[in-house]
Amino acid sequence: MFEDEKFMMEALKEAQIAYSFQEVPVGAIIVYQKKIIARAHNRKEELQDPTAHAEILALQKAARYFGTWHLENTTLYVTLEPCPMCAYAMLQARVERLVIGATDPKSGAAGSVLNITHNKKYNHQLRVTQNVLDKKCSSILKKFFLERR
């Protein structure tokens, strides 16, 4: 668990960057063989792109790192449970494991609302670990949305 917490702290650093740019503070990193190979944060506002979620941007960076979209044997750490788009992108990329900070009871697709990450109808499923540093991950989100009300 210590390793998961260490890497989730790195994802939280990305969430803090998003926060500083007035983006929804979600951060993601991708780890391969205990090394961070990609990091990203939400950039929807900056890029005016509805697909510029932290997870999608991290998947793109990891694909460039490997020179292929096949991301087997990787772990994606994200501060907020992925939406359906991001969860399915992880399946398409063949990510092995997903580690989540805070769950998302409104649109989470890794067990909260939907369970795209572990659906036997798909030819790939992810191993999922939830609630790693969940209080820290949810705290930055709560602060962000409180400031906007």
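Position 1 is the first residue of the sequence; numbering continues from there. Being a predicted model, the structure only gives us computed values, none of them experimental.
Through chains of ILVMFWY side-chain contacts below 4.5 Å, Phe21 is grouped with Ile17. Apart from Leu146 itself, the hydrophobic cluster it occupies contains nothing, where clustering links Ile, Leu, Val, Met, Phe, Trp and Tyr at side-chain heavy-atom distances under 4.5 Å.
Rounded to the nearest 0.5 angstrom, Lys136 NZ and Met8 CE are separated by 12.0 Å. Distance check, rounded to the nearest 0.5 Å: CE of Met9 to CD1 of Ile29 gives 11.0 Å. Once rounded to the nearest 0.5 Å, the distance linking CD of Gln22 with CD of Glu147 reads 9.0 Å. To the nearest 0.5 angstrom, Glu14 atom CD is 12.0 Å from Glu23 atom CD. Here the CG atom belonging to Leu141 is positioned 10.5 Å from the OH atom belonging to Tyr19, to the nearest 0.5 angstrom. Here the OG1 atom belonging to Thr74 is positioned 6.0 Å from the CD1 atom belonging to Ile30, to the nearest 0.5 angstrom.
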Give the C-alpha distance, both sets of side-chain angles, the deciding distance and a yes or no for side-chain contact (heavy atoms from CB on, under 4.5 Å) between Ile140 and Gln16. CA-CA 8 Å; Ile140 190 171; Gln16 188 62 49; 3.4 Å; yes

Could you go through Val132 and Phe7, starting from their C-alpha distance and side-chain angles, then the distance that decides it, and tell me whether this counts as side-chain contact (heavy atoms from CB on, under 4.5 Å)? CA-CA 10 Å; Val132 174; Phe7 286 126; over 6 Å; no

Given side-chain contact (heavy atoms from CB on, under 4.5 Å), test Val113 with Lys106 step by step and report yes or no. CA-CA 7 Å; Val113 177; Lys106 292 184 179 180; 5.7 Å; no

Quick one: do His53 and Val26 satisfy side-chain contact (heavy atoms from CB on, under 4.5 Å)? Show the steps, please. CA-CA 8 Å; His53 291 201; Val26 176; over 6 Å; no

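Closest of all the heavy-atom pairs between Asn131 and Thr103 is OD1-CG2, 3.7 Å. The shortest heavy-atom contact between Ala58 and Ala38 is O-CB, 3.5 Å. Smallest separation of non-hydrogen atoms from Glu55 and Pro82: OE2-CA, 3.4 Å. The two atoms that bring Ala18 and Pro25 nearest to each other are CB-CA, 3.9 Å, heavy atoms only.
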Residues 84-99, side-chain donor-acceptor partners within the protein, below 3.5 Å, at least two apart:
unit_1, atom_1, unit_2, atom_2, d
Tyr88, OH, Gln92, NE2, 3.0
Arg94, NH1, Leu91, O, 3.0
Arg94, NH1, Gln92, O, 3.1
Glu96, OE2, Arg127, NH2, 3.0
Arg97, NH1, Asp4, OD1, 3.1
Arg97, NH2, Asp4, OD1, 3.4
Arg97, NH2, Asp4, OD2, 2.6
Arg97, NH2, Thr129, OG1, 3.1

Which atom pairs, one a donor and one an acceptor, fall under 3.5 Å between side chains of residues 64-73 and the rest of the protein, sequence neighbours left out?
unit_1, atom_1, unit_2, atom_2, d
Tyr65, OH, Lys35, NZ, 3.4
Thr68, OG1, His70, N, 3.3
His70, ND1, Glu72, OE2, 3.4

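Listed by first then second residue, pairs satisfying side chain to side chain donor-acceptor pair (under 3.5 Å) with a partner in residues 108-120 read Glu81-Ser112, Asn115-Thr117, not counting sequence neighbours.
Hydrophobic clustering (side-chain heavy atoms under 4.5 Å, transitive across Ile, Leu, Val, Met, Phe, Trp, Tyr) keeps Tyr77 apart from Leu57.
Ion pairing between Glu3 and Lys6 fails under the 4.0 Å rule for side-chain N and carboxylate O.
Few gaps surround NZ on Lys61; more than 12 heavy atoms of other groups in view lie less than 6.0 Å from it.
A cation-pi arrangement is absent between Arg149 and Phe145, since the terminal nitrogen or guanidinium carbon is not both under 6.0 Å from the aromatic centre and inside a 45° cone about the axis.
Applying the side-chain contact (heavy atoms from CB on, under 4.5 Å) rule to Asp49 yields the partners Leu47, Thr51, Ala52; only residues at least two apart in sequence or on another chain are considered.
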